[in-house]
Amino acid sequence: MPNPAPPMIAELLGQLEAPFTGEELFDHLSDIVFFIKGTRGEYLVVNQTLVLRCNVASKQELLGRTATEVLRPPLGEGFAEQDRQVLRTGQALVSQLELHVYPTRDVGWCLTTKLPLRRKDGSIAGLVGVSQDLRLPDSGGDEYEHIADVVAYADRNLAEAPSVERLAEVAGMSRYQLDRRMRRIFGLTTGQWLLQRRIDRAQRALRQTDSPIASIAMDVGYGDQSAFTRQFRRTTGMSPRDYRLAGRSED
């Protein structure tokens, strides 16, 4: 159970004209999608960034609707399943690395966190979440020079699925030291960055080539096509086949 608000905060919130949701604050953060959802996964509060990403005219077009109603199949189903899991189990989803594909055709990586909202009796009342865009690294900076060999090695050897330990050896650092540097440069752990690299290559191959999905899986280090499909679906909300078909229908 979350800790109760300190008396001073409770007193302040009790003096407000309207309940504080954070909506107006998040309206000013263009790299963060913010939302509060009800027990069906329906949007109750959204920020302006989500409105723009969903290519609608106003917040009212999103309120009361679920992800599957806002995003065409199969894009919204992955997000809706996340919502159902958080609402069903009460377990938070923290820093989930995801590739988002919006109706605007914008594609971008983000880290998503969803937390359950509980009533006073402990039951689940809804959820609150954010998805923050990953920042682009400064490849010309001094920090990047220290991991340039790691980036090059990973790109050359994705098919062999290099481990984090191997990348740390290439960098001449401990795993902890490499993770710290990767977080400063990419905003990701080494493992998350490696996953991003693999899925990036896979989604480009799915959109730009006719290579069999099994071959693409092997090219990015998955000896088992089913394991690749599970990870791709978890990361993008779509199976590799659906992702390929969606890309071609847009083209």
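Keep in mind that the numbers below use all heavy atoms, side chains included, and drop hydrogens, waters and symmetry copies.
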Just wondering, do [Y] and [X] contact through their side chains at under 4.5 Å, heavy atoms?
| X | Y | value |
| --- | --- | --- |
| V86 | I124 | no |
| I199 | W109 | yes |
| Q203 | T236 | no |
| L99 | Q196 | no |
| L63 | V46 | yes |
| L188 | L111 | yes |
| T66 | E69 | yes |
| I213 | R244 | yes |

Criterion side-chain contact (heavy atoms from CB on, under 4.5 Å) on K37 and L117, from CA distance to verdict
CA-CA 9 Å; K37 297 184 179 183; L117 295 173; over 6 Å; no

Nearest heavy-atom pair of [X] and [Y]: which atoms, and what distance?
| X | Y | result |
| --- | --- | --- |
| S239 | R233 | CB-NH2, 3.4 Å |
| V70 | C54 | CG1-SG, 3.7 Å |
| P240 | F232 | N-CD2, 3.7 Å |
| T49 | S30 | CG2-O, 3.4 Å |
| G90 | P116 | O-CG, 3.3 Å |
| A161 | G221 | CB-O, 3.5 Å |

Where do L178 and R175 land on the side-chain contact (heavy atoms from CB on, under 4.5 Å) test, with the steps shown first?
CA-CA 5 Å; L178 180 58; R175 177 170 179 163; 5.8 Å; no

Side chains of residues 7-22: which donor-acceptor partners sit under 3.5 Å, not counting sequence neighbours?
from, atom 1, to, atom 2, distance (Å)
T21, OG1, E23, N, 3.2

Pick out which of R234, Q96, E98 makes a side chain to side chain donor-acceptor pair (under 3.5 Å) with Q82.
E98

Can you tell me how far apart [atom1] ([X]) and [atom2] ([Y]) are? Round to the nearest 0.5 Å.
| X | Y | atom1 | atom2 | answer |
| --- | --- | --- | --- | --- |
| I216 | D210 | CD1 | CG | 9.0 Å |
| T190 | D179 | OG1 | CG | 3.5 Å |
| L87 | Q85 | CG | CD | 10.5 Å |
| D27 | I32 | CG | CD1 | 12.0 Å |
| T39 | R119 | OG1 | CZ | 6.5 Å |

[Y] backbone acceptor or donor facing [X] side chain under 3.5 Å:
| X | Y | value |
| --- | --- | --- |
| D149 | A171 | no |
| Q231 | Y222 | no |
| N47 | F26 | yes |
| E165 | S163 | no |
| R201 | D155 | yes |

Spell out, yes or no, whether [X] and [Y] are grouped together once hydrophobic residues are joined by side-chain heavy atoms under 4.5 Å, including indirect joins.
| X | Y | answer |
| --- | --- | --- |
| V164 | I147 | no |
| V151 | M173 | yes |
| L194 | V220 | yes |
| F34 | F79 | no |
| L29 | V33 | no |

Which pairs of donor and acceptor atoms, one on a side chain in residues 125-133, lie under 3.5 Å apart (sequence neighbours left out)?
from, atom 1, to, atom 2, distance (Å)
S131, OG, T112, OG1, 2.7
D133, OD1, R53, NH1, 3.2
D133, OD2, R53, NH2, 2.6

Tell me whether the count of non-hydrogen atoms from other residues, nucleotides or ligands lying under 6.0 Å of CZ in R241 goes above 12.
no

Step through the shown structure and confirm whether more than 12 heavy atoms of other residues, nucleotides or ligands are within 6.0 Å of CE on M218.
no

Output yes when R84 and E77 qualify as a salt bridge under the 4.0 Å nitrogen-oxygen rule, no when they do not.
yes

After noting the C-alpha distance and the side-chain angles of S58 and V51, does the key distance pass the side-chain contact (heavy atoms from CB on, under 4.5 Å) rule?
CA-CA 6 Å; S58 69; V51 172; 5.6 Å; no

What residues form a ring pair (Phe, Tyr, Trp, His ring centres under 6.0 Å) with Y43, not counting sequence neighbours?
none

Apply side-chain contact (heavy atoms from CB on, under 4.5 Å) to R198 and T235, showing your working.
CA-CA 11 Å; R198 296 167 81 181; T235 308; over 6 Å; no

